[in-house]
There are 2 protein chains.
Amino acid sequence: MSLRHAVLGLLAERQASGYDLMKLFETSLANVWPATQSQVYGELGKLAASGQVEVAAEGPRGRKEYAITEEGLAELRHWLTSTEPDRIRRSETLLRVFFLGVLTPLEATAYLGLEAEYAAKSRTALERLEGTVDWGDDDMSVYGRLSLEYGLRLMTLHEEWAKWAIDRIQAAPPRAAAEQEDEQDVRQDHRQTEPAE
Amino acid sequence: MSLRHAVLGLLAERQASGYDLMKLFETSLANVWPATQSQVYGELGKLAASGQVEVAAEGPRGRKEYAITEEGLAELRHWLTSTEPDRIRRSETLLRVFFLGVLTPLEATAYLGLEAEYAAKSRTALERLEGTVDWGDDDMSVYGRLSLEYGLRLMTLHEEWAKWAIDRIQAAPPRAAAEQEDEQDVRQDHRQTEPAE
DNA sequence: ATCCTACCTTCCACTCTTGACAGGTCAATG
DNA sequence: CATTGACCTGTCAAGAGTGGAAGGTAGGAT
């Protein structure tokens with residue numbers, strides 16, 4: 001459902017073609033709600049069909065500039081004020097952390113080290129972005145900057161957390177690798193309960 | 001791709017039926033990688049077909065307990081050590097922040113207030129969870145706790161960020177509502193460029 | 001003895017997302 | 001003039017995730 005509103009939101013700022021929108025998705029929204037061409041054009045079609053968006057101008061090579069309609073703006077406002085955001089968050093990084101037990105403590109800390117490294121790199125990239133953009137006092141500047149700050153804080157958290165986790169594992173290694181070997185043997189016993197299909 | 005490895009990871013801990021796995025997904029992995037019945041059973045079927053998992057025992061009412069095979073364990077290790085995690089993160093919350101400009105500053109701060117509230121509530125829920133579980137020194141305890149700590153820190157960040165954002169908006173409101181009205185009029189002009197379809 | 005509840009698996013229809021492919025036009029450069 | 005590159009729209013196949021329906025069994029409580 002969110003992609004629909006992302007498109008509406010961008011068109012609320014100013015009218016644009018699918019091509020224009022793609023550039024916006026690749027720049028400003030890349031870290032918040034990525035989207036592909038097929039999605040954007042598809043969504044524009046659906047929005048036009050339902051009257052929340054309409055072709056405001058046609059340009060050179062088949063270019064169609066879309067503008068949000070009153071209906072679309074109403075829908076956007078309704079989404080922002082009267083619906084609960086979908087807060088389900090999937091984190092492959094954390095999923096992996098859950099299963100770090102199948103590795104040796106050394107391998108586990110190596111993984112977390114890469115996480116810390118990634119977060120640090122990602123954070124400096126955001127800082128560079130912050131320096132690049134010229135922040136005016138328009139909506140996109142004010143509110144986009146709030147998002148950027150969130151990203152900055154998140155990457156800081158990520159790095160510090162990863163370093164903290166490494167310390168913890170090194171302070172109290174969960175289990176010796178030898179015990180893991182034992183467990184593998186146990187599993188093999190299980191497997192003999194029934195012959196392979 | 002990750003769901004496959006989530007299932008493998010859980011089965012690496014101990015063998016289980018689809019039903020058992022569902023309970024694990026609802027409890028331990030709920031905040032990290034949610035999954036539905038259809039997904040879990042489907043994935044078990046595919047994993048069994050590819051030999052990474054096999055039926056270790058059959059129980060009372062059609063119950064089938066699956067166990068990870070050596071192949072599956074190898075795949076799990078490979079995933080953990082030799083592949084890059086998918087770090088794309090979608091945040092509907094932040095997406096909305098980008099478009100807060102279509103609302104009045106008052107409405108915008110109200111939204112962020114709800115975010116702060118949600119984060120606070122969510123954080124105390126995690127703290128309660130932390131108190132409930134008895135943390136041993138096994139893998140799931142050690143590594144699961146690292147994930148929980150991440151969640152705790154994230155919710156703290158979320159709340160503080162939302163409060164900070166509210167302050168910022170109140171200190172320097174982006175634009176008066178009156179100007180937004182003007183903009184709507186401009187958009188109406190655009191719409192007259194072409195009659196509705 | 002019956003009924004309820006928890007247990008347990010399987011299938012389906014739908015939307016979202018990805019990645020790639022196909023096709024075409026304008027503008028400038030050599 | 002021919003080629004190149006940026007511009008611009010569209011479609012399709014396949015996988016991932018959602019939500020719910022269907023259908024059946026074992027065990028315990030009344």
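First the proteins, then the strands, lettered A, B, ... as listed; each starts at 1. Only a predicted model underlies this, so the values are computations on that prediction, with no experimental measurement involved.
- Residue contacts for B:Ser38: at a heavy-atom cut-off of 4.0 Å it reaches a base atom on one of the strands shown.
- Under the 6.0 Å cut-off for aromatic ring centres, B:His158 and A:Tyr150 qualify, their centroids lying closer than that.
- From the 5' end on, the contacts that DNA chain D makes with chain A at under 4.0 Å to a non-hydrogen atom open and close at D:dC7 to D:dT18.
- Proximity of B:Gln37 to the phosphate of C:dT9: no side-chain N or O atom is located under 4.0 Å from OP1 or OP2.
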Could you go through the side chain to side chain donor-acceptor pair (under 3.5 Å) check for B:Thr156 and B:Arg123 one step at a time? CA-CA 7 Å; B:Thr156 303; B:Arg123 183 160 156 276; 2.9 Å; yes

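- What separates NZ of B:Lys23 from C1' of C:dT9 is a distance of 15 Å, to the nearest Å.
- For C:dT10, the OP1/OP2 oxygens have a side-chain nitrogen or oxygen of B:Lys64 closer than 4.0 Å.
- Under the 4.0 Å criterion applied to side-chain N and carboxylate O atoms, B:Glu43 and B:Arg4 are assigned as salt-bridge partners.
- To the nearest angstrom, C1' of C:dT17 lies 16 Å from CG of A:Leu29.
- In this structure, B:Tyr41 atom OH and C:dC12 atom P are separated by 17 Å, rounded to whole Å.
- Using a 4.0 Å cut-off between a side-chain N of Lys or Arg and a carboxylate O of Asp or Glu, B:Arg14 and B:Asp20 do not qualify as a salt bridge.
- Contact check on A:Glu115 versus B:Arg87 returns a salt bridge, with a Lys/Arg side-chain nitrogen under 4.0 Å from an Asp/Glu carboxylate oxygen.
- Mapped onto DNA chain C by nearest heavy atom, A:Gly62 and A:Ser2 fall at different nucleotides, with A:Ser2 at the one closer to the 5' end.
- Judged by distance alone, the side chains of B:His5 and B:Glu75 do bring a donor and an acceptor atom under 3.5 Å apart.
- From one end of the helix from C:dA1-D:dT30 to C:dG30-D:dC1 to the other, with five pairs defining each end axis, the axis direction shifts by 0° (rounded to 10°).
- Salt bridge annotation for A:Arg63-A:Glu65: present, with a cationic side-chain nitrogen under 4.0 angstrom from a carboxylate oxygen.
- The pair A:Glu149-A:Arg145 does not meet the salt-bridge criterion, since no charged nitrogen lies less than 4.0 angstrom from a carboxylate oxygen.
- Atom CZ of A:Arg4 is separated from atom P of C:dT17 by 11 Å (rounded to the nearest Å).
- At whole-Å resolution of the value, CD in B:Gln39 and C1' in C:dT9 are 16 Å apart.
- Distance, A:Met22 CE to C:dT18 P: 10 Å, rounded to whole Å.
- Shown here is B:Leu106, whose CG atom has no more than 12 heavy atoms of other residues, nucleotides or ligands within 6.0 Å.
- B:Leu21 places its CG atom 15 Å from the P atom of C:dC7, with the value rounded to the nearest Å.
- Between A:Tyr19 atom OH and C:dG24 atom C1' the separation is 14 Å, expressed in whole Å.
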